[in-house]
Q: 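First the structure, then my questions, so here it is.
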Amino acid sequence: MGKVVLVTGVARQLGGRFVRRIQREPDVDRVIGVDAVPPEHHLGGADFLRADIRHPAIARVLAEHGVDTVVHMDVNGTPLGKRGSRATVKETNVIGTMSLLGACQKTPSVRRLVVKSSTNVYGSAPRDPAIFTETTPPKSLPSGGFAKDVVEVEGYVRGFARRRPDVAVCVLRFANILGPRADSPLAEYFALPVLPTVLGFDPRLQFVHEDDVIEVLRIGAGEPRRGTLNSGTFNIAGDGVLLLSQAARRLGRPTLPFFLPTVTWVGSALRSVGVTDFSPEQIRLLTHGRVVRTTQMRETLGFEPGYTTAGAFADYARSQGPGLLPPEVLARTVDRIAAALPAGRGQN
């Protein structure tokens with residue numbers, strides 16, 4: 001008998017794609033997709049079970065099907081298809097994780113756990129280091145939003161790892177996920193026709209392409225290849241960084257700078273109409289940025305992303321269509337202004 005893999009959060013596009021991909025692994029015998037709502041996309045030959053991971057019944061699912069590998073993808077920053085609320089997302093992220101881990105602890109057949117986490121655990125603060133490693137403590141713990149969720153999720157995962165040392169645990173801290181079908185908070189932000197920014201700040205950002213997310217989850221769920229280790233905590237991001245101003249120009253989106261207190265008010269207004277998850281932690285990211293080191297991803301996990309940060313953003317930008325300001329026109333305008341500045345200064 002091959003492995004029995006249970007995947008949570010399969011109603012989302014990313015979860016559905018991973019389910020279809022993991023079925024092609026030669027050592028996987030059966031894949032079970034779990035979510036509180038039926039997916040609108042097909043899951044290939046996988047079985048779908050409608051179950052809410054917040055409820056204790058998930059333990060019965062693990063036991064009855066002899067699950068040995070759990071891939072927990074139901075940790076997200078945005079509601080599914082705009083039908084949920086921030087409160088529901090938080091409950092699924094935190095209470096759902098706690099319930100799922102309790103079920104895994106009681107199920108002897110579970111031997112491997114993979115958790116989709118986020119670099120949001122590091123927060124964003126003015127005195128942050130230039131680059132975070134997996135062992136760098138945050139200067140200030142996130143106080144709310146998705147960032148606080150993942151801090152709590154990882155805390156529960158560490159507790160589980162202590163109670164079940166026989167289970168191989170892989171925590172993947174993804175940078176901001178982008179791609180044509182991405183539904184991350186930052187993808188929603190970049191989809192706005194005008195991008196609110198913080199006056200005087202141009203943060204450095206990292207992205208990871210959704211295709212690379214699928215591939216590294218596959219590596220985490222399988223047996224480690226020779227010379228690699230897929231147990232532990234790993235930062236996952238594409239090479240390089242983009243400044244927020246560069247991202248806006250490549251999208252053709254005009255920016256609207258605000259003083260920091262005003263941005264906070266704008267974020268509250270956007271959340272009240274359901275436009276995007278513009279939490280205080282999101283505002284801190286768009287103020288101070290965040291960059292992580294990915295040495296362990298390459299040297300220990302043995303994963304090389306197919307997309308750089310710029311490449312992942314470019315693929316996302318192509319899916320968005322032209323902005324209010326076509327990128328090529330915006331680029332020409334910026335170049336002309338830059339070229340004219342020295343001459344203008346020389347005449348003064």
Q: Identify the residue among Asn120, Asn93, Asn76, Thr97 that makes a side chain to side chain donor-acceptor pair (under 3.5 Å) with Asp149.
A: Asn93
Q: Main chain of Gly302, side chain of Arg225: is a donor-acceptor contact present, judged purely on distance under 3.5 Å?
A: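 Checking the backbone N and O of Gly302 against the side chain of Arg225, a donor-acceptor pair under 3.5 Å is found.
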Q: Keeping the roles fixed (side chain from Asp29, backbone from Lys3), state whether a donor-acceptor pair exists under 3.5 Å.
A: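 No.
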Q: Output yes when Arg17 and Asp211 qualify as a salt bridge under the 4.0 Å nitrogen-oxygen rule, no when they do not.
A: yes
Q: Could you tell me the separation between the CZ atom of Arg164 and the OG1 atom of Thr107, rounded to the nearest 0.5 Å?
A: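 Answer for the CZ-OG1 pair, Arg164 versus Thr107, is 7.5 Å.
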Q: Is there a path of hydrophobic side-chain contacts, each under 4.5 Å between heavy atoms of I, L, V, M, F, W or Y residues, that connects Phe190 with Leu286?
A: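 They do share one cluster, since a chain of ILVMFWY contacts under 4.5 Å joins Phe190 to Leu286.
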Q: For a side-chain contact (heavy atoms from CB on, under 4.5 Å) check, start with the C-alpha distance between Val194 and Thr255, then their side-chain angles and the critical distance, and finish with the verdict.
A: CA-CA 6 Å; Val194 177; Thr255 58; over 6 Å; no
Q: Does any part of the side chain of Phe132, heavy atoms only, come nearer than 4.5 Å to the side chain of Val291, both counted from C-beta?
A: no
Q: Under the 3.5 angstrom rule, does the side chain of Asp202 hit a backbone N or O of Ser245 as a donor-acceptor pair?
A: yes
Q: Under 4.0 Å between a side-chain nitrogen and a carboxylate oxygen: does that hold for Asp68 and Arg111?
A: no
Q: NZ of Lys139 to CG of Leu141: how many Å apart, nearest 0.5 Å?
A: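 The CG atom of Leu141 is 12.5 Å from NZ of Lys139, to the nearest 0.5 Å.
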Q: Compute the ring centroids of Tyr316 and Phe207, then answer whether they are less than 6.0 Å apart.
A: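 No, too far apart.
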Q: Specify whether Phe201 and His288 have parallel, tilted or perpendicular ring planes, treating 30° as the upper limit for parallel and 60° as the lower limit for perpendicular.
A: perpendicular
Q: Is there a path of hydrophobic side-chain contacts, each under 4.5 Å between heavy atoms of I, L, V, M, F, W or Y residues, that connects Ile177 with Val121?
A: no
Q: Give a yes or no on whether the backbone of Ala130 and the side-chain of Arg204 come within a donor-acceptor separation of less than 3.5 Å.
A: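 Checking the backbone N and O of Ala130 against the side chain of Arg204, a donor-acceptor pair under 3.5 Å is found.
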Q: Using a distance-only test with no angle check, is there a side-chain donor-acceptor pair under 3.5 angstrom linking Thr300 and Gln296?
A: yes
Q: Donor-acceptor pair, distance only, cut-off 3.5 Å: does the side chain of Thr136 make one with the backbone of Thr133?
A: yes
Q: Surrounding CZ of Arg293 (heavy atoms of other residues, nucleotides or ligands, distance under 6.0 Å), is the total greater than 12?
A: no
Q: Set out, in order, the CA-CA distance, both residues' side-chain angles and the distance that settles side-chain contact (heavy atoms from CB on, under 4.5 Å) for Val169 and Val157, then state yes or no.
A: CA-CA 8 Å; Val169 178; Val157 172; 3.6 Å; yes
Q: What are the two closest heavy atoms between Lys116 and Val75, and how far apart are they?
A: NZ-O, 2.6 Å
Q: As a quick check of understanding, evaluate side-chain contact (heavy atoms from CB on, under 4.5 Å) for Val34 and Ile58, giving each step before the final call.
A: CA-CA 9 Å; Val34 171; Ile58 190 66; 4.1 Å; yes
Q: Output yes when a side-chain donor or acceptor of Thr92 lies under 3.5 Å from a complementary backbone atom of Thr88, and no otherwise.
A: yes
Q: Check Arg290, Arg173, Glu134 against Tyr122 for a side chain to side chain donor-acceptor pair (under 3.5 Å) and give me the one that passes.
A: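 With Tyr122 as partner, Arg290, Arg173, Glu134 yield a single side chain to side chain donor-acceptor pair (under 3.5 Å), made by Arg173.
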Q: What's the spacing between Arg218 CZ and Phe303 CZ if we round to 0.5 Å?
A: 9.5 Å
Q: Please report the interatomic distance CG(Leu178) to OH(Tyr307), rounded to the nearest 0.5 Å.
A: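 Spacing of CG (Leu178) from OH (Tyr307) equals 12.0 Å.
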Q: Would you say Ile53 and His72 make side-chain contact, with heavy atoms under 4.5 Å?
A: yes
Q: For Ser117 and Glu154, which I'm curious about, is there any donor-acceptor pair between the side chains at under 3.5 Å?
A: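 There is such a pair between these side chains.
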Q: Please report the closest heavy-atom contact between Ala175 and Thr119, naming both atoms and the distance.
A: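 What the structure gives for the nearest pair is CA-OG1, 3.5 Å.
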Q: Any salt bridge linking Arg12 with Asp183? Criterion: basic side-chain nitrogen under 4.0 Å from a carboxylate oxygen.
A: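 Salt bridge present between Arg12 and Asp183.
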Q: Would you check if Arg250 and Phe313 make a side-chain contact, meaning some heavy-atom pair closer than 4.5 Å?
A: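 They are in side-chain contact.
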Q: Minimum heavy-atom separation for Arg20 and Gln23, please, with both atom names.
A: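 Taking every non-hydrogen atom into account, CA-NE2, 3.5 Å.
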Q: Measure the CE-CD distance between Met297 and Glu304 for me, rounded to the nearest 0.5 Å.
A: 6.0 Å
Q: Of all heavy-atom pairs between Ala125 and Ser140, which one has the smallest distance, and what is that distance?
A: CB-OG, 3.8 Å
Q: Would you check if Asp315 and Pro180 make a side-chain contact, meaning some heavy-atom pair closer than 4.5 Å?
A: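 Asp315 reaches Pro180 side chain to side chain.
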Q: Just jot down the salt bridge (charged side-chain N to carboxylate O under 4.0 Å, His left out) partners of Glu281, sequence neighbours excluded, or say none.
A: Arg284
Q: Would you say the side chain of Val115 lies within less than 4.5 Å of the side chain of Leu172, judging by non-hydrogen atoms?
A: no
Q: So do the side chains of Val61 and Leu6 get within less than 4.5 Å of each other, counting heavy atoms only?
A: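 Val61 reaches Leu6 side chain to side chain.
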Q: For the backbone of Arg60 and the side chain of His65, can you confirm whether one donor and one acceptor N or O come within less than 3.5 Å of each other?
A: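 Judged by distance alone, no pair lies under 3.5 Å.
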Q: Using a 3.5 Å distance criterion without hydrogens, assess whether the side chain of Asn176 forms a donor-acceptor pair with backbone atoms of Leu186.
A: no
Q: Taking side chain as C-beta onward, heavy atoms only, is Leu301 less than 4.5 Å from Ile219?
A: yes
Q: Could you grab the distance from atom CZ of Arg318 to atom CG of Leu251, nearest 0.5 Å is fine?
A: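 Interatomic distance, Arg318 CZ to Leu251 CG, rounded to 0.5 Å: 12.0 Å.
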Q: May I ask whether Phe174 and Leu14 are part of the same hydrophobic cluster, defined by side-chain heavy atoms of I, L, V, M, F, W, Y residues being less than 4.5 angstrom apart, directly or through others?
A: yes
Q: Do Val4 and Val71 share a hydrophobic cluster, counting only Ile, Leu, Val, Met, Phe, Trp and Tyr and linking them when any side-chain heavy atoms are less than 4.5 Å apart?
A: no
Q: Would you call Val292 and Gln206 a side-chain contact if the rule is heavy atoms closer than 4.5 Å?
A: yes
Q: Judged by atom type as modelled, is there a donor-acceptor pair below 3.5 Å linking the side chain of Thr69 to the main-chain atoms of Arg112?
A: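 Judged by distance alone, no pair lies under 3.5 Å.
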Q: Using modelled atom types and a 3.5 Å cut-off, is there a donor and acceptor pairing between side-chain atoms of Thr294 and backbone atoms of Ala237?
A: no
Q: Between Glu152 and Met98, does a side-chain contact (heavy atoms from CB on, under 4.5 Å) hold up when you go through it step by step?
A: CA-CA 9 Å; Glu152 295 184 37; Met98 185 169 59; over 6 Å; no
Q: Would Arg163 and Gln105 count as a side chain to side chain donor-acceptor pair (under 3.5 Å) here? Give the steps.
A: CA-CA 8 Å; Arg163 293 188 296 271; Gln105 183 179 336; 2.7 Å; yes
Q: Check the hydrophobic clustering (I, L, V, M, F, W, Y; side-chain heavy atoms under 4.5 Å; chains of links allowed) and say if Leu49 and Leu100 are grouped together.
A: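 Shared cluster, yes.
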